[in-house]
Protein chains: 2
Amino acid sequence: MSLLKDHITIYDIARRAGVSIATVSRVLTGKENVKEETRKKVQQVIDECNYEPNLIARALCNRISNTIGMLVEELSNPFFVTICNEAEVYCTNIGYTLLFGIINSWLGNETELLHIIEKRQVDGFIFLGGKANQINPKKSFLDEIRKVSKRLPIVFINSKLDFANCYTVRTDERQAFAKIVNYVISCKHKKIGLITGERGFVITDEKIEVFKEVLARHKMPVNEEWIVSGQYLIDSGASSMQQLLDLKDRPTAVMCTNDTLALGAIKQTFLAGLTVPDDVSVTGFDDIFISKHFIPGITTVKQDYHQLAELAVKKILSHVSGEHCPKETTLDAELMIRDSCKTL
Amino acid sequence: MSLLKDHITIYDIARRAGVSIATVSRVLTGKENVKEETRKKVQQVIDECNYEPNLIARALCNRISNTIGMLVEELSNPFFVTICNEAEVYCTNIGYTLLFGIINSWLGNETELLHIIEKRQVDGFIFLGGKANQINPKKSFLDEIRKVSKRLPIVFINSKLDFANCYTVRTDERQAFAKIVNYVISCKHKKIGLITGERGFVITDEKIEVFKEVLARHKMPVNEEWIVSGQYLIDSGASSMQQLLDLKDRPTAVMCTNDTLALGAIKQTFLAGLTVPDDVSVTGFDDIFISKHFIPGITTVKQDYHQLAELAVKKILSHVSGEHCPKETTLDAELMIRDSCKTL
DNA sequence: TTGTATGCGTTATCAC
DNA sequence: GTGATAACGCATACAA
């Protein structure tokens with residue numbers, strides 16, 4: 001039985017210091033005035049005892065837990081992990097703690113996971129991926145989000161739901177993808193293919209739109225046969241690529257809507273006995289950590305992971321402390337030119 | 001001000017159901033007897049109101065938070081992430097929540113991070129990597145762990161510290177590494193090199209020992225020049241490989257103490273104009289997700305991520321509930337033969 | 001400047 | 001089988 005943790009409490013400190021618990025609490029929070037002399041004495045006792053306030057008790061008392069729920073689609077995706085990492089580090093530094101919920105791995109549904117975490121009295125939620133990323137989320141999901149958002153602030157990373165206390169931090173993916181499409185075109189490619197993940201998601205459909213728009217702007221025809229959609233998995237990227245390679249008239253450059261797909265596409269190209277970028281150029285999106293180490297280094301677009309994460313947390317904090325903060329913040333992305341796409 | 005969350009409490013339920021809060025609490029916990037009729041009535045009100053008990057209050061009352069602190073060295077390492085993912089999912093399913101602390105990214109030191117998390121009244125700690133993995137951790141660190149372990153159970157994944165409430169779940173890395181060394185030898189390689197991460201860590205030094213032992217058992221001489229140590233980073237694996245390639249008499253197979261190093265080693269081999277496995281064979285350890293997708297697929301050893309994570313959590317639970325549980329559990333690993341190591 | 005008393009939302013120990 | 005009531009550890013309004 002380890003229940004008996006016989007922790008030191010504020011009462012112990014008060015007794016040893018010869019003051020009331022109110023005074024101890026005052027030096028703890030540092031908000032109210034305490035005579036310097038007594039403050040010192042109390043602080044000394046605190047140090048001697050290695051006393052640490054019980055954050056659970058404090059949370060119950062304050063109705064603020066200094067805790068944020070983070071619902072992330074999939075930790076196995078390097079893009080998501082990096083953001084979680086950044087968010088976690090930032091939170092730790094400001095005395096917050098993240099409670100993670102991993103959507104895809106959880107057997108129940110997304111809103112159920114939301115409730116499980118909400119029971120722990122988080123001060124807000126951050127959404128990264130998941131249903132919030134769908135073009136047309138189910139009404140039941142939207143209703144639930146709307147209800148929760150009445151109680152707590154919610155921040156969406158790279159997606160957007162327009163309810164009262166909902167915020168968004170996102171990369172301007174339209175602009176970012178336009179950037180890389182333009183780059184590929186500038187490499188003199190006339191026959192450009194596109195491999196995507198699941199349709200019906202913002203991160204997919206937006207890029208398909210942009211792809212077509214930019215080609216149109218350059219008076220280049222869009223060959224629908226060269227746009228192949230699958231899932232956001234390496235194997236899916238591979239099979240999509242094979243599909244393109246099998247074409248009689250195949251593209252000289254294949255763009256992918258994320259790096260995971262590009263990884264699969266490049267792999268498949270090699271397996272087919274061809275080389276990237278000599279036989280076919282490939283590009284990605286996100287700049288996950290392995291992209292610069294892959295062979296060849298993947299030309300892609302780098303999102304500002306750090307800002308994405310930090311701003312998401314900051315929006316929650318602002319909301320909680322009653323400060324005004326913009327509902328939506330958009331970030332730029334950077335084109336990372338490496339070796340997987342060559343100039344013809 | 002969102003402080004006013006006007007949550008529904010157990011009092012509201014009690015009032016609406018016409019019973020006392022004690023009765024509501026009874027149906028909530030389900031431990032004590034309640035007349036079926038009143039139980040139904042109360043449950044109905046609970047459902048109608050979508051009432052969810054406040055876990056913060058419950059934790060304060062029970063002195064059990066249903067929360068576990070997980071200190072992980074580095075979330076950017078795919079090996080660690082996978083374990084965290086597994087642990088998180090298992091915890092969610094049993095009503096627990098993990099509080100992560102990311103050691104390397106945290107500016108302070110490891111024990112400070114430990115205290116930050118302990119303030120949240122976690123029921124135990126899981127350590128993954130970090131100083132616990134060192135062969136000779138500093139005394140100050142050991143003292144701190146010993147102190148904390150008097151209050152809370154601690155589980156080490158793939159490392160071991162021998163204090164009262166400390167547990168260990170680990171892959172038998174000695175046996176596992178011996179397995180792959182034997183495999184490489186069985187591929188007729190006579191000249192085998194070894195690339196490692198930082199010395200002074202269990203995961204490194206143990207493998208070096210095993211490497212030498214197995215070679216000796218096969219009456220093969222150990223060439224110290226072929227053992228090159230660096231850090232557990234892709235770039236380090238790359239530069240170590242270059243060092244080996246620069247040798248007049250170089251090995252035909254290069255083993256790495258983890259997959260990250262193998263990634264770098266293979267990359268560098270290609271950059272040097274050579275190919276894996278035709279010019280040099282390479283092996284890894286851990287089987288991170290990208291290893292099977294790399295070109296060539298990396299021959300490596302797969303740890304049982306799922307068991308590693310689940311058993312760690314279970315040991316905490318057992319300890320908390322006063323059940324006996326073995327101090328140490330050892331798991332087997334599986335040799336994953338792919339394409340990066342060929343038979344001569 | 002400091003102390004007393006109350007509340008935060010539960011669970012658990014008593015009585016009844 | 002059920003209902004008061006006292007913890008749990010802290011912050012704070014109000015008094016002194």
Side-chain angles (χ1 to χ4, degrees), chain A residues 1-43 45-46 49 51-67 95 118-123 151, chain B residues 3-43 45-46 49 51-67 95 118-123 151:
Chain A
M1 292 301 153
S2 67
L3 307 196
L4 236 306
K5 294 186 200 161
D6 67 337
H7 272 199
I8 298 167
T9 74
I10 200 171
Y11 284 93
D12 301 316
I13 304 300
R15 187 159 18 81
R16 297 207 196 192
V19 297
S20 74
I21 61 162
T23 301
V24 177
S25 177
R26 285 187 188 103
V27 347
L28 242 36
T29 59
K31 292 175 191 168
E32 279 181 75
N33 288 347
V34 180
K35 204 207 300 177
E36 183 53 23
E37 191 185 317
T38 59
R39 203 199 61 76
K40 265 189 176 165
K41 185 174 58 184
V42 171
Q43 188 58 53
V45 177
I46 289 177
C49 300
Y51 166 73
E52 302 270 19
N54 179 331
L55 262 35
I56 290 277
R58 185 176 279 179
L60 183 60
C61 186
N62 286 340
R63 274 101 115 241
I64 290 210
S65 64
N66 285 22
T67 273
E118 196 186 359
K119 283 198 260 188
R120 300 213 179 258
Q121 311 301 115
V122 291
D123 298 337
R151 293 173 246 136
Chain B
L3 308 195
L4 236 306
K5 296 187 199 161
D6 67 337
H7 272 203
I8 299 166
T9 75
I10 199 171
Y11 284 92
D12 300 316
I13 304 300
R15 186 162 15 84
R16 297 207 196 192
V19 297
S20 74
I21 61 163
T23 299
V24 178
S25 178
R26 285 189 186 99
V27 346
L28 241 36
T29 59
K31 293 174 189 169
E32 279 181 74
N33 287 347
V34 179
K35 205 207 300 180
E36 182 55 21
E37 190 184 317
T38 59
R39 201 198 62 76
K40 264 190 178 164
K41 185 175 58 185
V42 171
Q43 189 59 54
V45 177
I46 288 177
C49 301
Y51 164 73
E52 302 270 19
N54 178 333
L55 262 35
I56 290 277
R58 183 177 281 179
L60 183 61
C61 187
N62 283 341
R63 276 102 110 232
I64 290 207
S65 63
N66 285 20
T67 274
E118 196 186 358
K119 282 197 263 187
R120 300 214 178 257
Q121 311 301 114
V122 291
D123 298 338
R151 293 173 246 137

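From a predicted model like this one, the values you see are computed outputs, not experimental measurements. Reminder, nothing fancy here: chain letters follow the sequence lines and each chain counts from 1. The basis for the numbers below is simple: all heavy atoms, side chains too, and nothing from hydrogens, waters or symmetry mates.
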Of all the nucleotides listed ([options]), which has the minimum atom distance to the side chain of [X]?
| X | options | value |
| --- | --- | --- |
| Ser20(B) | dA4(D), dA11(D), dG9(C) | dA4(D) |
| Thr23(B) | dC8(D), dG3(D), dT11(C) | dG3(D) |
| Ala57(A) | dG9(D), dT11(C), dT2(C) | dG9(D) |
| Asn62(B) | dT10(C), dA12(C), dT12(D) | dA12(C) |

Expressed in angstrom and rounded to an integer, what is the separation of [X] atom [atom1] from [N] atom [atom2]?
| X | N | atom1 | atom2 | result |
| --- | --- | --- | --- | --- |
| Lys31(A) | dA11(D) | NZ | P | 8 Å |
| Ile64(A) | dC10(D) | CD1 | P | 18 Å |
| Arg58(A) | dG9(C) | CZ | P | 18 Å |
| Glu32(A) | dT2(C) | CD | P | 11 Å |
| Leu60(A) | dG9(C) | CG | P | 7 Å |
| Gln121(A) | dC10(D) | CD | C1' | 16 Å |
| Tyr11(A) | dT4(C) | OH | P | 11 Å |
| His7(B) | dT10(C) | NE2 | C1' | 15 Å |

Examine [N]: is either OP1 or OP2 under 4.0 Å from a nitrogen or oxygen in the side chain of [X]? Give yes or no.
| X | N | answer |
| --- | --- | --- |
| Arg63(A) | dC8(C) | no |
| Asn33(A) | dT1(C) | yes |
| Tyr51(A) | dC10(D) | yes |
| Ser25(A) | dT12(D) | no |

Practice item. Count the heavy atoms of every other residue, nucleotide or ligand shown that sit under 6.0 Å from CD of Glu37(B), and state whether that count exceeds 12. Key: no

Point to revise | Euclidean distance, Gln121(B) CD relative to Asn54(A) CG, rounded to 0.5 Å | key: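 The CD atom of Gln121(B) is 3.5 Å from CG of Asn54(A), to the nearest 0.5 Å.
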
Exercise for review: Find the distance between CG (Asp12(A)) and SG (Cys49(A)) and round it off to the nearest 0.5 Å.
Suggested key: 7.5 Å

Exercise for review: Mind running side chain to side chain contact (heavy atoms under 4.5 Å, CB included) on Tyr51(B) and Ile10(B) for me, showing each step along the way?
Suggested key: CA-CA 8 Å; Tyr51(B) 164 73; Ile10(B) 199 171; 3.9 Å; yes

Study note, to complete from the structure: Ranking Ile10(B) and Cys61(A) by the position along DNA chain C of their nearest nucleotide, the one closer to 5' is Cys61(A)

Exercise for review: Classify the side chain of Arg26(B) and the base of dG3(D) as holding, or not holding, a donor-acceptor pair under 3.5 Å.
Suggested key: yes

Exercise for review: For Ile21(A), answer base if it contacts any base atom (sugar-phosphate contacts may also be present), sugar-phosphate if it contacts only those atoms, and nothing otherwise; contact means non-hydrogen atoms under 4.0 Å.
Suggested key: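 Ile21(A): base contact, heavy atoms under 4.0 Å.
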
Check your understanding: Looking across every strand, which nucleic acid part, if any, lies under 4.0 Å from Val24(A) by heavy atom: base, sugar-phosphate, or nothing?
Key -> nothing

**Study point:** Test side chain to side chain contact (heavy atoms under 4.5 Å, CB included) applied to Leu28(A) and Ile46(A), step by step
**Key:** CA-CA 9 Å; Leu28(A) 242 36; Ile46(A) 289 177; 3.5 Å; yes

